[in-house]
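Right, one structure below, let's go through it.
The basis for the numbers below is simple: all heavy atoms, side chains too, and nothing from hydrogens, waters or symmetry mates.
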Amino acid sequence: MHGFANPKRFLSLARWLTPLLLVGGLVLVTGALLWGFFVVPPDRLMGETVRILFLHVPAAWLGMGGWSAIALSSLVYLVWRHPLANLAARGAAVPGLVFTALCLITGSIWGRPTWGTWWVWDGRLTSMLVLAFLYLAYIALAQAAEREGVSPRIPAIFGLLGAVNIPIINRSVVWWNSLHQPPSITAGGSSIDAEFLVPLLVSVLGFSLLFGAIVLMRMRALLADAQADSRLRRKAMEA
């Protein structure tokens with residue numbers, strides 16, 4: 001892990017890994033969405049509205065996965081002072097927020113014909129909305145810490161504490177009486193028919209590759225900004 005603490009070594013890896021993840025993700029996402037939207041048959045109960053599944057589920061997965069990445073990176077930074085861990089957490093924050101917002105929007109669109117309403121204060125929906133606010137707070141806190149020259153430990157601690165919401169989201173449909181359907185994919189298997197499950201898994205994999213590519217691109221941009229600021233400060237001191 002510490003072998004990639006060197007920015008040059010990290011950049012040499014990210015330089016070829018980013019386009020690989022980006023192209024692979026785009027190919028898989030395009031194929032999965034075309035498969036799900038035009039090939040998969042309508043559901044017996046939900047009809048054509050079931051097709052939003054192939055966008056909603058990956059968005060929910062990556063909304064939670066994004067904060068999990070923030071929490072893990074924050075832990076690495078706090079324990080081992082890994083110099084790129086803070087950048088990894090910040091890199092995952094914006095795409096994590098975007099996928100969380102996409103999850104809420106697609107869920108609302110799906111809920112209107114299924115539940116008869118755009119929104120209910122259901123355990124799953126409410127905890128997902130809380131996650132979106134946590135993302136906004138983390139992004140604002142990280143930007144303020146960088147602008148004011150405050151230690152990155154503060155947003156790292158917040159990122160770690162915010163991870164408490166992830167198991168709440170995951171188990172909310174089990175803990176509370178919920179309009180949201182129970183988990184369809186568990187460690188014990190899946191209740192989803194193979195006709196829907198295969199393109200769904202391909203979609204999740206494709207969006208995950210895109211997420212990884214975006215995080216690497218953001219890390220490279222943040223690292224470039226940090227290096228540029230460092231050079232400016234050094235020149236100012238020399239002057």
Side-chain angles (χ1 to χ4, degrees), residues 1-30 58-59 61-100 134-135 137-163 166 202-239:
M1 181 177 64
H2 284 281
F4 294 100
N6 185 311
K8 288 185 178 180
R9 192 171 298 170
F10 164 75
L11 289 173
S12 66
L13 173 67
R15 201 167 287 119
W16 63 266
L17 187 57
T18 301
L20 182 66
L21 293 176
L22 184 62
V23 173
L26 286 173
V27 171
L28 290 178
V29 166
T30 302
W61 162 257
L62 290 171
M64 293 187 290
W67 196 276
S68 299
I70 291 174
L72 180 60
S73 299
S74 298
L75 178 64
V76 171
Y77 178 78
L78 291 170
V79 175
W80 290 286
R81 297 292 195 277
H82 196 292
L84 293 180
N86 178 51
L87 293 183
R90 292 181 60 194
V94 172
L97 173 61
V98 170
F99 277 110
T100 300
L134 286 173
Y135 271 118
Y138 177 85
I139 292 169
L141 188 60
Q143 290 177 345
E146 182 186 29
R147 185 172 59 251
E148 303 297 330
V150 178
S151 170
R153 287 174 57 86
I154 297 175
I157 292 171
F158 181 80
L160 203 55
L161 293 176
I166 299 302
V202 174
S203 181
V204 169
L205 177 59
F207 276 111
S208 298
L209 294 180
L210 285 180
F211 185 91
I214 294 168
V215 170
L216 287 178
M217 286 188 284
R218 283 186 48 77
M219 287 181 67
R220 291 168 66 182
L222 290 169
L223 185 57
D225 287 343
Q227 290 174 337
D229 289 342
S230 179
R231 284 195 295 268
L232 288 173
R233 282 195 296 268
R234 189 167 57 251
K235 289 181 179 179
M237 291 176 65
E238 291 173 355

Measuring from atom CG of L222 to atom CG of L87, what distance do you get when rounded to the nearest 0.5 angstrom?
5.5 Å
Could you tell me which non-hydrogen atom of S74 sits nearest to which non-hydrogen atom of G159, and how far apart they are?
OG-CA, 4.1 Å
Trace of the side chain to side chain contact (heavy atoms under 4.5 Å, CB included) decision for F207 with W61
CA-CA 10 Å; F207 276 111; W61 162 257; over 6 Å; no
Looking only at heavy atoms, what is the nearest atom pair of A93 and I70, with distance?
CA-CD1, 3.8 Å
So, do V215 and P95 sit near enough that their side-chain heavy atoms are less than 4.5 Å apart?
yes
Closest non-hydrogen atom pair between W16 and S12, with its separation
CD1-O, 3.1 Å
Donor-acceptor contacts, no H, no angles, side chain residues 22-30, under 3.5 Å, sequence neighbours left out:
unit_1	atom_1	unit_2	atom_2	d
T30	OG1	L26	O	2.7

Tell me whether the rings of Y138 and F158 are parallel (<30°), tilted (30 to 60°) or perpendicular (>60°).
parallel
CG (L75) and CD1 (I157) are apart, to the nearest 0.5 Å, by 11.5 Å
In short, M64 meets I166 closest at the heavy-atom pair O-CD1, 3.8 Å
Gap separating the CD1 atom of I139 from the CG atom of L97, nearest 0.5 angstrom:
5.0 Å
Going from OH on Y77 to OG on S151, what distance comes out if it is rounded to the nearest 0.5 angstrom?
4.5 Å
Side-chain contact test, heavy atoms from C-beta onward, threshold under 4.5 Å: evaluate it for V98 versus F211 and give yes or no.
no
Pairs satisfying salt bridge (charged side-chain N to carboxylate O under 4.0 Å, His left out), at least one member in residues 82-94, at least two apart:
R90-E146
Between S73 and A88, what is the shortest heavy-atom contact and its length?
OG-CB, 3.6 Å
Residues passing the ring-ring contact (aromatic ring centres under 6.0 Å, His included) test with Y135, sequence neighbours excluded, are W67
Are S208 and L62 packed together at the side-chain level, in the sense that at least one heavy-atom pair is separated by less than 4.5 angstrom?
yes
To the closest 0.5 Å, what do you measure between CG (L17) and CG (L11)?
12.5 Å
Contact summary for A85 and V76, nearest pair of heavy atoms:
CB-CG1, 3.9 Å
When rounded to the nearest 0.5 angstrom, what distance separates CG in L223 from CG in D225?
9.0 Å
